[in-house]
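One structure coming up, written as structure tokens, with questions to follow.
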Amino acid sequence: MQKVWAGLAPSKCDICKAELSTEFFDFRVPSCGQWANGCPACFKRQGGRLGTGLGQKYIKQDGKFIKVGG
């Protein structure tokens, strides 16, 4: 069963404000412990990781953001 982002999907990265049109990460920022919806570049730059309690990756398919990792 696919897991789909519930509610309104984020439109901009919480960190750099880049547009999130095809994929995004919902992740805990290790340096501060806060959660962010971020672009792939910020996820990597901030040291994000996928997994329970760490982060998830979503990609857009058929107009919905589907969880593909984490």
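Count residues from 1 along the sequence.
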List the atom of Cys13, the atom of Cys42, and the distance in Å for their closest heavy-atom pair. SG-SG, 3.8 Å

What is the minimum heavy-atom distance between Ala36 and Val29, and which atoms define it? CB-CG2, 4.0 Å

Of all heavy-atom pairs between Gln56 and Lys67, which one has the smallest distance, and what is that distance? CG-CE, 3.6 Å

CG-CG distance between Leu54 and Asp26, expressed to the nearest 0.5 angstrom: 11.5 Å

Minimum heavy-atom separation for Leu20 and Glu23, please, with both atom names. CD2-O, 3.9 Å

Search all heavy atoms of Gly47 against all heavy atoms of Pro30 and return the closest pair with its distance. O-CG, 3.4 Å

On the 0 to 90° scale, with breaks at 30° and 60°, tag the Trp5-Phe24 ring pair as parallel, tilted or perpendicular. perpendicular

Mind checking the CZ-CG spacing from Phe65 to Asn37? Nearest 0.5 Å is all I need. 10.0 Å

Trace of the ring-ring contact (aromatic ring centres under 6.0 Å, His included) decision for Phe43 with Phe25: CA-CA 7 Å; Phe43 177 76; Phe25 292 84; 3.9 Å; yes

Hey, what do you get for CD1 (Ile59) to OG1 (Thr22), rounding to the nearest 0.5 Å? 8.5 Å

Gln46 side chain near Phe27 side chain, heavy-atom distance below 4.5 Å: yes

More than 12 heavy atoms from other groups under 6.0 Å of NZ on Lys64: no

Is there a donor-acceptor contact under 3.5 Å from the side chain of Asp14 to the main chain of Gly38? no

